[in-house]
Participant: 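Let me give you the structure first, and then I'll get to my questions.
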Amino acid sequence: MKKRLISLCSMMLLVLAVMAEGKPKYVFYFIGDGMGVNQVNAAETYLGALDGRIGISELCFPSFPYTALVNTQSATNGVTDSAAGGTALASGNKTKNGALGVLKDLTTPVTCIADWAREAGAAVGISTSVSVDHATPAAFYAHVGSRGDSYTIGRQLVESGNDFYAGSDFVKPENPDKNGPDLYQQAQDNGFAIARGYKDYQKKAKDAKRMILLQSEEASKKDRYSIPYAIDRGKNDLSLTDITRAAIHFLTKKQGEKEGFFLMVEGGKIDWACHANDMAFIHEVIDMDNAIKVAYEFYQQHPDETLIVVTADHETGGIVLGRNKYELHLDIIGNQRMSIDRLGKELHRLHDKYGKKYDWNRVKDFLTENFGFWTKINLSDEQTDRLKKAFDNIQNGKGQNQKTLYQMDDELAATVRNIQAECALVGWQVTGHSNGYVPCFAIGAGAELFHGRIDNTEISKRIAQAAGWEMK
């Protein structure tokens, strides 16, 4: 009882501190999907290694003045999935793995922070680097028993009252009723303008009352499920920074008819890379930090009216920075020029280009150029033999593909991934999620509420508390 009273007193002091400093009018909620403590540590340690020293080079968001460790278990599982994790972060309610915006009975809907903000008169934006109907963004507007019900989720998006959405595309835009309008037409019928790419957004934003920003149709023909990995991105590809900049512009434009804004931004491909045990996740963390810098610039212009909160739904991969030797060589990741997913595709293109002239020497040159093997990274004879064996197995039709959640890697690409981790002295425990703590970082009005150890259900509640939004 005494401990409970102390806890209540502490919370009251925090509330009084927030009241004294004022309420945030502009709220940013960044979610690094799969971004555990070690993912953040790896990115900063990698940057330190590139500077030629042992230690870290600081990113923007881990340097925020208030930090917390967050528990992530779902209502039914010790290890959450993104749907249950997203629902907890959005609504403050635990649910069953796979469910979105409903309780663990899979039917009872719950409101979320996007609703609370909208009801309070704020403009609302929901954005991601993956599809707009993926688990994390969907947790902020959808109510379904299964995250796999993509069309229903998309329909709920276009029927929502929110102002701005952004991501790669819809996964299933086609109407099951073949005579009915697809989701693009439904969105337009509900007052949304649809922009394809950042330049198209700039053309359409002025006259749009509501906006859905997607990548170009050409990019979606290649992959509608996500925008490209940061390490693979071309100059015309949509980026998370573009999305964040567009969201701030659009939601700020709504001021006058709306009072402040709430913006959720998901760095979704940190998770995808970690599912594949691909060190390209480091570039995804840095990429999300670049998007956060855009919000931080806004905060600097409105320091007394802005709150930025950065967290994650769960950790992915069970990554360990160290392998028995008391060493770490993340500098070698600087030699990686493409994701492991793209590596497999590029090797197949190389095979198609050279036909019978496609041999081990060509592959070896390609790996040297794009991963630094043999020149910048010393490989043992055993590691070289494993790579050669994987190549031979594929050539002989005996290659063993390795499937992870979001991609299928051939034996050679998987071997490259494993050897790179060995040389960096990084260990991966799983290709799924773990129950590791995830971090929470905060700055701005109300940031004092984010400290110590908290449950994932507390974050949206504390944001609402800081902003004065009623949790209905």
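Small disclaimer: the values here were computed from a predicted structure and weren't measured.
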Participant: Is there side-chain contact between I31 and M264, with at least one heavy-atom pair below 4.5 Å?
Facilitator: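 They are in contact (side-chain heavy atoms under 4.5 Å apart), so the answer is yes.
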
Participant: Enumerate, atom names and distances included, each donor-acceptor pair closer than 3.5 Å involving a side-chain atom of residues 318-327, sequence neighbours excluded.
Facilitator:
from : atom 1 : to   : atom 2 : distance (Å)
R323 : NE     : V426 : O      : 2.6
R323 : NH2    : V426 : O      : 2.9
E327 : OE1    : H329 : NE2    : 2.8

Participant: Inspect the contact between K389 and D385 and indicate whether a charged nitrogen and a carboxylate oxygen are less than 4.0 angstrom apart.
Facilitator: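 No salt bridge links D385 with K389.
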
Participant: Side chains of D271 and T316: donor-acceptor distance under 3.5 Å anywhere?
Facilitator: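 Yes, a side-chain donor-acceptor pair sits under 3.5 Å.
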
Participant: Can a salt bridge be assigned to the pair D278 and R417 using a cut-off of 4.0 Å between side-chain N and carboxylate O?
Facilitator: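 A salt bridge is absent here (no side-chain N lies under 4.0 Å from a carboxylate O).
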
Participant: So, for G317 and N277, which heavy atoms are closest and what is the spacing to 0.1 Å?
Facilitator: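 It is CA-ND2, 4.4 Å.
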
Participant: Is it true that atom CG of D352 has more than 12 heavy atoms of other residues, nucleotides or ligands lying nearer than 6.0 Å?
Facilitator: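 Yes, the 6.0 Å shell around CG holds more than 12 heavy atoms from other groups.
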
Participant: Taking atom NZ of K96 as the centre, report whether more than 12 heavy atoms of other residues, nucleotides or ligands fall under 6.0 Å from it.
Facilitator: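 Not buried by this count: 12 neighbours or fewer within 6.0 Å.
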
Participant: Are side-chain N/O atoms of D223 and S220 paired as donor and acceptor at under 3.5 Å?
Facilitator: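 Not at all, the side chains of D223 and S220 share no donor-acceptor pair under 3.5 Å.
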
Participant: Walk me through it: do K221 and E218 pass the test salt bridge (Lys or Arg N to Asp or Glu O under 4.0 Å)?
Facilitator: CA-CA 5 Å; K221 287 178 182 178; E218 181 183 1; over 6 Å; no

Participant: Would you check, one step at a time, whether the test side chain to side chain contact (heavy atoms under 4.5 Å, CB included) holds for Y201 with H249?
Facilitator: CA-CA 10 Å; Y201 164 79; H249 173 264; 2.6 Å; yes

Participant: For D200, which residues count as a side chain to side chain donor-acceptor pair (under 3.5 Å) partner, sequence neighbours excluded?
Facilitator: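 By the side chain to side chain donor-acceptor pair (under 3.5 Å) rule, D200 matches K204.
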
Participant: Between R386 and E382 (salt bridge meaning N to carboxylate O under 4.0 Å), is one present in this structure?
Facilitator: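 Yes, charged N to carboxylate O under 4.0 Å.
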
Participant: Centroid separation under 6.0 Å, is that true for the rings of F170 and Y184?
Facilitator: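 Yes, close enough.
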
Participant: Taking only Lys NZ, Arg NE, NH1 and NH2, and the carboxylate oxygens of Asp or Glu, determine whether R118 and D115 approach each other closer than 4.0 Å.
Facilitator: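 Looking at D115 together with R118, the answer is yes, because their closest N to O distance falls below 4.0 Å.
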
Participant: Is W374 close to L387 at the side-chain level, that is, under 4.5 Å between some pair of heavy atoms?
Facilitator: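 Side chain of L387 against side chain of W374, heavy atoms only: contact under 4.5 Å found.
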
Participant: With under 30° as parallel and over 60° as perpendicular, where do the rings of F261 and F28 fit, or are they tilted in between?
Facilitator: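 Perpendicular: the ring planes of F261 and F28 meet at over 60°.
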
Participant: Between A99 and T87, what is the shortest heavy-atom contact and its length?
Facilitator: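 So the minimum-distance heavy-atom pair works out to O-OG1, 3.4 Å.
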
Participant: Using the ring centroid of each side chain, check whether F391 and Y358 are separated by less than 6.0 Å.
Facilitator: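 Yes, ring centres under 6.0 Å apart.
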
Participant: Of all the heavy-atom pairs spanning I243 and A166, show the shortest one and how long it is.
Facilitator: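 Heavy-atom minimum between the residues: CG2-CB, 3.6 Å.
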
Participant: Stepwise, does the side chain to side chain contact (heavy atoms under 4.5 Å, CB included) test hold for L251 with D163?
Facilitator: CA-CA 8 Å; L251 297 178; D163 302 281; 4.2 Å; yes

Participant: Where do D51 and S57 land on the side-chain hydrogen bond (donor to acceptor under 3.5 Å, both in side chains) test, with the steps shown first?
Facilitator: CA-CA 8 Å; D51 289 339; S57 288; 2.5 Å; yes

Participant: Check Q215 against L238 and note the closest heavy-atom contact, atom names and distance.
Facilitator: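 Heavy atoms only, the tightest pair is N-CD2, 3.9 Å.
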
Participant: To the nearest 0.5 angstrom, please state how far the CD1 atom of I56 sits from the OG1 atom of T45.
Facilitator: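 Rounded to the nearest 0.5 Å, the CD1-OG1 separation comes out at 7.0 Å.
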
Participant: Residues two or more places apart in sequence or in another chain: which of them pass side chain to side chain donor-acceptor pair (under 3.5 Å) with T108?
Facilitator: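 For T108 the side chain to side chain donor-acceptor pair (under 3.5 Å) partners, ignoring immediate neighbours, are D105.
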
Participant: Test side chain to side chain contact (heavy atoms under 4.5 Å, CB included) on F262 and I113 and set out the steps.
Facilitator: CA-CA 9 Å; F262 167 78; I113 192 168; 3.5 Å; yes

Participant: Check the side chains of E411 and Q402 for a donor-acceptor pair under 3.5 angstrom, ignoring hydrogens and angles.
Facilitator: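 No.
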
Participant: Any side chain to side chain donor-acceptor pair (under 3.5 Å) pairs touching residues 359-368, not counting sequence neighbours?
Facilitator: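 Pairs touching residues 359-368 that pass the test: none.
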
Participant: As a quick check of understanding, evaluate salt bridge (Lys or Arg N to Asp or Glu O under 4.0 Å) for R155 and E159, giving each step before the final call.
Facilitator: CA-CA 6 Å; R155 183 168 51 78; E159 292 175 353; 3.7 Å; yes

Participant: Quick check, are the ring centers of F281 and W428 under 6.0 angstrom apart?
Facilitator: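 Centroid separation for F281 and W428: below 6.0 Å.
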
Participant: Less than 4.5 Å apart, any side-chain heavy atom of Q39 and any of E315?
Facilitator: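 Of all side-chain heavy-atom pairs linking E315 with Q39, at least one is under 4.5 Å.
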
Participant: With a 4.5 Å heavy-atom cut-off, do H314 and D33 have their side chains touching?
Facilitator: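 Yes, their side chains come closer than 4.5 Å.
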
Participant: Answer yes or no: is there an ion pair linking D287 with K269, defined by an N-O contact shorter than 4.0 Å?
Facilitator: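 Result for this pair is no, no salt bridge flagged.
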
Participant: If you apply the rule side chain to side chain contact (heavy atoms under 4.5 Å, CB included), what do you find for L157 with Y165, and how did you get there?
Facilitator: CA-CA 9 Å; L157 182 156; Y165 289 94; 3.7 Å; yes

Participant: If you look at every heavy atom in R337 and E369, which pair is closest and at what distance?
Facilitator: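 Heavy atoms of R337 and E369 come nearest at CG-O, 3.9 Å.
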
Participant: Taking the side chain as everything from C-beta on, heavy atoms only, tell me whether L379 gets closer than 4.5 Å to C423.
Facilitator: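 Touching, per the 4.5 Å side-chain cut-off.
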
Participant: Give me the atom names and distance for the closest heavy-atom approach of S339 to D232.
Facilitator: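 Minimum heavy-atom separation between S339 and D232: OG-OD2, 2.6 Å.
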
Participant: Kindly assign one of parallel, tilted or perpendicular to the pair Y46 and H283, based on the angle between their ring planes and the thresholds 30° and 60°.
Facilitator: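 Ring orientation of Y46 relative to H283: perpendicular.
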
Participant: State, yes or no, whether a side-chain contact exists between F164 and V124 at a heavy-atom distance under 4.5 Å.
Facilitator: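 No, side chains not in contact.
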
Participant: Applying salt bridge (charged side-chain N to carboxylate O under 4.0 Å, His left out), which residue pairs with at least one partner in residues 172-196 are found, sequence neighbours left out?
Facilitator: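 Checked against salt bridge (charged side-chain N to carboxylate O under 4.0 Å, His left out) - neighbours excluded - the pairs reaching residues 172-196 are D169-R196.
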
Participant: Suppose we screen for side chain to side chain donor-acceptor pair (under 3.5 Å). Which residues come up paired with Q395, at least two apart in sequence or across chains?
Facilitator: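 Not a single residue meets the side chain to side chain donor-acceptor pair (under 3.5 Å) criterion with Q395.
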
Participant: Run the side-chain hydrogen bond (donor to acceptor under 3.5 Å, both in side chains) test on N418 and Q420 for me, step by step, so that the C-alpha distance in whole Å, both residues' side-chain angles and the decisive distance to 0.1 Å come before the verdict.
Facilitator: CA-CA 5 Å; N418 295 340; Q420 182 196 44; over 6 Å; no

Participant: If you measure from the Lys or Arg side-chain nitrogens to the Asp or Glu carboxylate oxygens, is any gap between D392 and K398 under 4.0 Å?
Facilitator: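 Between K398 and D392 there is no salt bridge, as every charged N stays at least 4.0 Å from the carboxylate O atoms.
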
